[in-house]
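Only this structure's heavy atoms are used, side chains among them; waters, hydrogens and symmetry mates stay out. A quick note: this is a predicted structure, and the numbers were derived from the prediction, not measured. Here, residue 1 is the first one in the sequence, and each next residue gets the next number.
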Amino acid sequence: MKIAVLAGDGIGPEIMAEALKVLDALRRDGLKAETESALVGGAAYDAHGHPLPEATLRLAQAADAVLFGSVGSPKYDSLPREHRPEKAILGLRKECDFFANLRPATVFPELADASTLRAEVVAGLDIMIIRELTGDIYFGEPRSVTGEKGQRVGVNTMHYTEAQISRIMHVAFRTARQRAVGRPGKLCSIDKMNVLETMQLWRDIAVEIAPEYPDVALSHMLVDNAAMQLIRNPKQFDVMVAGNMFGDILSDEASMLTGSIGMLPSASLDANGKGLYEPIHGSAPDISGKGIANPLAQILSLGMMLRYTFNLPDWADRVDGAVKKTLAQGWRTGDIAKLGEKVCSTSEMGAAVVGNL
Ligand code: IPM
Ligand code: MG
């Protein structure tokens with residue numbers, strides 16, 4: 001297995017170091033994996049003048065999977081858009097056609113009272129958000145800001161083809177089917193069909209595909225209502241499927257149900273199961289360099305890689321199990337600690353997970 005390691009900016013390198021310690025421990029136990037690292041994001045811009053240098057893209061394309069940290073820092077906010085760090089992750093998704101983003105939001109029992117919502121609202125929560133990643137207003141043309149000051153016009157375009165909607169719907173239906181052992185599958189499709197034509201197409205295609213999955217109950221929800229329902233009664237959801245923009249927003253919201261955005265991994269898959277694995281949180285410039293970031297989302301992203309791209313559920317279970325045990329033992333970084341609880345550093349958390357593997 002060849003893994004491209006792209007740590008990126010901010011807390012990316014700090015949490016990646018801990019995930020690589022976990023990977024090293026697994027290799028000592030016989031996991032066959034090679035890694036090769038490259039710069040990406042602001043770090044790559046500083047060194048090579050581009051956030052996604054040719055060599056980094058080629059490394060990602062040649063690898064079987066990509067382990068990605070995070071990119072971005074306010075210090076690059078005034079650069080032209082094509083040189084900003086975010087362009088690196090957007091470019092990787094587009095160039096490698098990683099169109100299916102799986103963002104699980106599960107509550108570890110140990111952290112049920114770390115959420116800002118009452119424990120009984122979130123305890124036992126297990127949602128899978130499937131977000132389309134290569135279309136929508138993120139990539140739609142035209143896009144621009146034109147005109148003179150005082151009369152400027154900003155344009156972005158929500159754009160989806162039938163093929164793009166259809167392939168993400170199939171991923172979502174299949175996921176709902178796989179998760180539903182001994183019960184009917186449940187899929188809630190998110191749109192804004194009351195206002196947007198593109199989203200009417202989204203809903204129509206969901207309805208057209210549904211008969212192919214008679215064992216999955218399909219429902220629809222407008223995105224504004226979904227944002228509200230996620231806070232009101234999140235346990236009504238099983239699998240949710242959304243376009244790029246709505247999925248971006250709802251997955252951040254769902255992460256807070258689990259206690260901290262620092263806990264959530266994600267997988268971005270192409271049609272053949274090759275994937276890019278990254279925490280859903282960003283580079284957290286406010287805490288970077290302090291050694292206090294939570295490395296668990298990065299470590300769990302490694303677990304997802306073993307499960308989804310390499311098809312090694314036993315090894316993935318070991319990683320997930322070690323994280324669970326570490327939480328049960330009381331290890332807490334600042335983001336998941338309750339008032340008065342002892343707080344550990346990034347590297348102490350990583351070491352505890354390695355010890356529990
Ligand atoms: C995410 C992030 C990215 C996105 C940014 C960094 C471009 O928010 O992965 O959710 O908007 O997709
Ligand atoms: Mg986001």
Side-chain angles (χ1 to χ4, degrees), residues 89-90 93-94 97-106 125-140 156-179 185-210 213 216-258 261 264-270 275-276 278-282 304:
I89 184 63
L90 297 173
R93 290 170 182 170
K94 194 73 180 170
D97 205 20
F98 293 135
F99 71 94
N101 189 205
L102 275 47
R103 298 193 158 185
T106 40
L125 183 80
D126 182 7
I127 299 178
M128 177 67 88
I129 297 185
I130 310 242
R131 170 189 176 198
E132 201 289 326
L133 221 45
T134 56
D136 205 350
I137 196 163
Y138 271 59
F139 294 97
N156 284 101
T157 307
M158 182 177 264
H159 180 284
Y160 262 123
T161 65
E162 174 153 9
Q164 283 175 317
I165 298 172
S166 161
R167 67 178 182 171
I168 196 70
M169 281 299 164
H170 282 289
V171 171
F173 275 107
R174 281 200 301 270
T175 306
R177 170 177 280 173
Q178 279 157 12
R179 282 164 57 97
K186 256 173 76 178
L187 173 63
C188 183
S189 170
I190 307 301
D191 61 45
K192 188 70 186 173
M193 59 74 86
N194 54 345
V195 181
L196 303 170
E197 285 76 3
T198 315
M199 290 289 102
Q200 181 68 58
L201 179 65
W202 178 277
R203 184 172 295 205
D204 291 348
I205 291 172
V207 170
E208 286 161 23
I209 290 176
Y213 301 87
V216 176
L218 171 69
S219 62
H220 308 273
M221 201 178 275
L222 298 174
V223 63
D224 49 349
N225 186 26
M228 184 271 279
Q229 294 293 340
L230 266 176
I231 299 297
R232 192 185 74 86
N233 174 20
K235 282 189 255 180
Q236 70 186 282
F237 297 110
D238 180 353
V239 179
M240 303 172 87
V241 62
N244 206 346
M245 175 83 138
F246 297 160
D248 178 45
I249 298 167
L250 292 181
S251 59
D252 263 35
E253 188 190 4
S255 76
M256 239 0 257
L257 305 172
T258 72
I261 196 169
L264 292 200
S266 79
S268 305
L269 305 175
D270 74 3
L276 178 148
E278 58 174 328
I280 86 154
H281 62 68
M304 280 191 98

Do you know the tightest heavy-atom contact between [X] and [Y]?
X: Leu102; Y: Met304; result: O-CE, 4.0 Å
X: Ser268; Y: Leu133; result: OG-CD2, 3.3 Å
X: Leu257; Y: Pro234; result: CD1-CB, 3.6 Å
X: Ala206; Y: Ser189; result: CB-OG, 4.3 Å
X: Gly275; Y: Leu269; result: CA-CD2, 3.9 Å
X: Ile129; Y: Leu250; result: CD1-O, 3.9 Å

Kindly write out the residues that satisfy salt bridge (charged side-chain N to carboxylate O under 4.0 Å, His left out) with Arg131, not counting sequence neighbours, or none if the list is empty.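 Arg131: salt bridge (charged side-chain N to carboxylate O under 4.0 Å, His left out) contacts with Asp248.
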Apply side-chain contact (heavy atoms from CB on, under 4.5 Å) to Leu90 and Phe139, showing your working. CA-CA 9 Å; Leu90 297 173; Phe139 294 97; 4.2 Å; yes
In Å, rounded to the nearest 0.5 Å, how long is the span from [atom1] of [X] to [atom2] of [Y]?
X: Ser266; Y: Leu276; atom1: OG; atom2: CG; value: 7.5 Å
X: Tyr138; Y: Thr134; atom1: OH; atom2: OG1; value: 12.5 Å
X: Ile209; Y: Asp204; atom1: CD1; atom2: CG; value: 11.0 Å
X: Met169; Y: Glu162; atom1: CE; atom2: CD; value: 11.5 Å
X: Thr258; Y: Leu125; atom1: OG1; atom2: CG; value: 8.0 Å
X: Ile130; Y: Phe173; atom1: CD1; atom2: CZ; value: 11.5 Å

Listed partners of Arg93 passing side chain to side chain donor-acceptor pair (under 3.5 Å), at least two apart: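 Partners of Arg93 under the side chain to side chain donor-acceptor pair (under 3.5 Å) test: Glu278.
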Please lay out, stage by stage, how Glu253 and Ile231 fare under the test side-chain contact (heavy atoms from CB on, under 4.5 Å). CA-CA 8 Å; Glu253 188 190 4; Ile231 299 297; 3.0 Å; yes
Test item: [X] side-chain N/O and [Y] main-chain N/O as donor-acceptor pair under 3.5 Å:
X: Ser166; Y: Ala163; result: no
X: Asp270; Y: Asp97; result: no
X: Asn101; Y: Ala267; result: yes

Quick check: do Ile190 and Val241 have side-chain heavy atoms less than 4.5 Å from each other?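 No; the side chains remain at least 4.5 Å from each other.
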Heavy-atom side-chain proximity of Arg103 to Leu264 below 4.5 angstrom: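 In short, these two side chains do not touch, never coming nearer than 4.5 Å.
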Whether over 12 other heavy atoms sit under 6.0 Å from Met245 CE: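 No, the 6.0 Å shell around CE holds no more than 12 heavy atoms from other groups.
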side-chain contact (heavy atoms from CB on, under 4.5 Å), that's the test. Do Ile127 and Leu230 meet it? Break it down for me. CA-CA 10 Å; Ile127 299 178; Leu230 266 176; 3.8 Å; yes
Test item: side-chain donor near acceptor, Asp126 and Thr106, under 3.5 Å: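 There is no such pair between these side chains.
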Quiz question: by atom type and distance under 3.5 Å, do the side chains of Gln200 and Thr198 form a donor-acceptor pair?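 Absent: no donor and acceptor within the cut-off.
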Do the rings of Trp202 and Tyr160 sit parallel, tilted or perpendicular, given the 30° and 60° boundaries?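 Plane angle between 30° and 60°, so tilted.
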Would you list the atom pairs, donor with acceptor, under 3.5 Å between side chains in residues 218-225 and any protein atom, with sequence neighbours excluded?
unit_1	atom_1	unit_2	atom_2	d
Asp224	OD2	Lys192	NZ	3.2
Asn225	OD1	Gln229	NE2	3.3

Kindly confirm or rule out a cation-pi arrangement of Arg177 over Tyr213, judged by NZ or CZ under 6.0 Å from the six-membered ring centre and within 45° of its axis?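 Not satisfied by the 6.0 Å and 45° rule.
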Start with the C-alpha gap between Asp252 and Ile261, add the side-chain angles, then the distance that decides, and say whether side-chain contact (heavy atoms from CB on, under 4.5 Å) holds. CA-CA 7 Å; Asp252 263 35; Ile261 196 169; 3.9 Å; yes
